[in-house]
Amino acid sequence: MAGPALSAAEPATVVALGDSLTAGYGLATDQGFVPRLQAWLDAHGADVVVQNAGVSGNTTADGLTRTDWALSPEADAVIVELGGNDFLRGIDPEVSRTNLHAILEKVKALGLPVLLVGIDASGQFGPDYETAFDEMYPALSEEFGTLLEPDFFAALKEGGDLPAAMTRDMQADGIHPNAEGVERIVERIGPRVLELLAQ
């Protein structure tokens, strides 16, 4: 099966810097995004360790303040998944973009490849806010030459029946995926992480 070649060397280390979606809020320890991604990568022959640097409630500003210590010396690549709490709080997208820009500057200064994972904003704060928020992820990805997954929840929206997906794949809060939802998300994002490892 295609994927990074196994070797006798130390496994690659991917740091997943994020919020509750990365941390696995509301799920058993082995059901969160990082452990399920680890299992998916193991099954696909990747010699990698995924470090969970997700903290529930973190905004992009919070992520920026802990980027330096979250990136362990053995880090070989980084997944950046932040912005959902900015949107929930109605933080100005320009502020979020500035914070993400600073995070990416720190990571790229270390020469580490990045997978930037975004959130698709709804229109609850108006169309201008939604447009500005959604556009910041592809713009930053292009500026810094990162891999991009524009929407963490894209896998749950496939097929177009969003109400059914919300019932099937989300926790009761309507914000966080349940165990089945995480599996669907990992099936979509896993191949992007293999691309990240190939870099």
Colleague: Who passes salt bridge (charged side-chain N to carboxylate O under 4.0 Å, His left out) against D128, sequence neighbours left out?
Modeller: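 Result, salt bridge (charged side-chain N to carboxylate O under 4.0 Å, His left out) vs D128: none returned.
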
Colleague: Under 4.5 Å side-chain heavy-atom separation, chaining through any Ile, Leu, Val, Met, Phe, Trp or Tyr, what else clusters with I91? Say none if it is isolated.
Modeller: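 The other cluster members (ILVMFWY side chains, heavy atoms under 4.5 Å, direct or chained) are V95.
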
Colleague: Ignoring hydrogens and geometry beyond distance, is a side-chain donor-acceptor pair present between T22 and E81 at under 3.5 Å?
Modeller: yes

Colleague: Would a 4.5 Å heavy-atom cut-off, applied to side chains only, mark Q124 and F87 as touching?
Modeller: yes

Colleague: Does R188 come within less than 4.0 Å of E149, counting only side-chain N to carboxylate O?
Modeller: yes

Colleague: Strictly distance-based, threshold 3.5 Å: is any side-chain N or O of S20 a donor or acceptor partner for the main-chain N or O of A23?
Modeller: no

Colleague: Is there a path of hydrophobic side-chain contacts, each under 4.5 Å between heavy atoms of I/L/V/M/F/W/Y residues, joining L110 to V78?
Modeller: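 Looking at the clustering, L110 is in the same group as V78.
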
Colleague: May I ask you to say whether E195 pairs ionically with R192, meaning some side-chain N is under 4.0 Å from a carboxylate O?
Modeller: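 Result for this pair is yes, salt bridge flagged.
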
Colleague: Is it the case that the ring center of F125 lies less than 6.0 angstrom away from the ring center of F133?
Modeller: no

Colleague: Check for me, please, whether V55 and V34 land in the same ILVMFWY cluster - side-chain distances under 4.5 Å, paths through other members count.
Modeller: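 Cluster IDs for V55 and V34 differ.
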
Colleague: What are the two closest non-hydrogen atoms of P113 and D76, and how far apart are they?
Modeller: CD-O, 3.2 Å

Colleague: Rounded to the nearest 0.5 Å, how far does CZ of R36 lie from CG of L27?
Modeller: 11.0 Å

Colleague: Looking only at heavy atoms, which two atoms of Y129 and D86 are closest? And how far apart?
Modeller: OH-O, 3.6 Å

Colleague: On a heavy-atom basis, which atom in N99 and which in L64 lie closest, and how many Å separate them?
Modeller: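 Minimum heavy-atom contact is OD1-CD2, 3.9 Å.
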
Colleague: Could you tell me whether R184 and E158 have a side-chain N and a carboxylate O separated by less than 4.0 Å?
Modeller: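 No salt bridge links R184 with E158.
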
Colleague: Do F152 and I189 come close enough that some side-chain heavy atom pair is under 4.5 Å?
Modeller: yes

Colleague: Do V49 and V107 land in one hydrophobic cluster if side-chain heavy atoms of ILVMFWY residues count as linked below 4.5 Å?
Modeller: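 No, separate clusters.
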
Colleague: Of the non-hydrogen atoms in L21 and P177, which two are nearest, and what is the gap between them?
Modeller: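 Answer, listing the atom of L21 first, then P177: CD2-CD, 3.8 Å.
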
Colleague: Just how far is it from atom CD of Q38 to atom CD of Q51, taken to the nearest 0.5 Å?
Modeller: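 Result: 10.0 Å between the selected atoms.
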
Colleague: Looking only at non-hydrogen atoms, find the nearest pair between G84 and D19 and report the distance.
Modeller: N-OD2, 3.9 Å

Colleague: Do F33 and Y25 sit in the same hydrophobic cluster, where Ile, Leu, Val, Met, Phe, Trp and Tyr count as joined when their side-chain heavy atoms come under 4.5 Å apart?
Modeller: no

Colleague: Testing the basics here: between L147 and L196, what is the closest heavy-atom pair and its distance to 0.1 Å?
Modeller: CD1-N, 3.4 Å

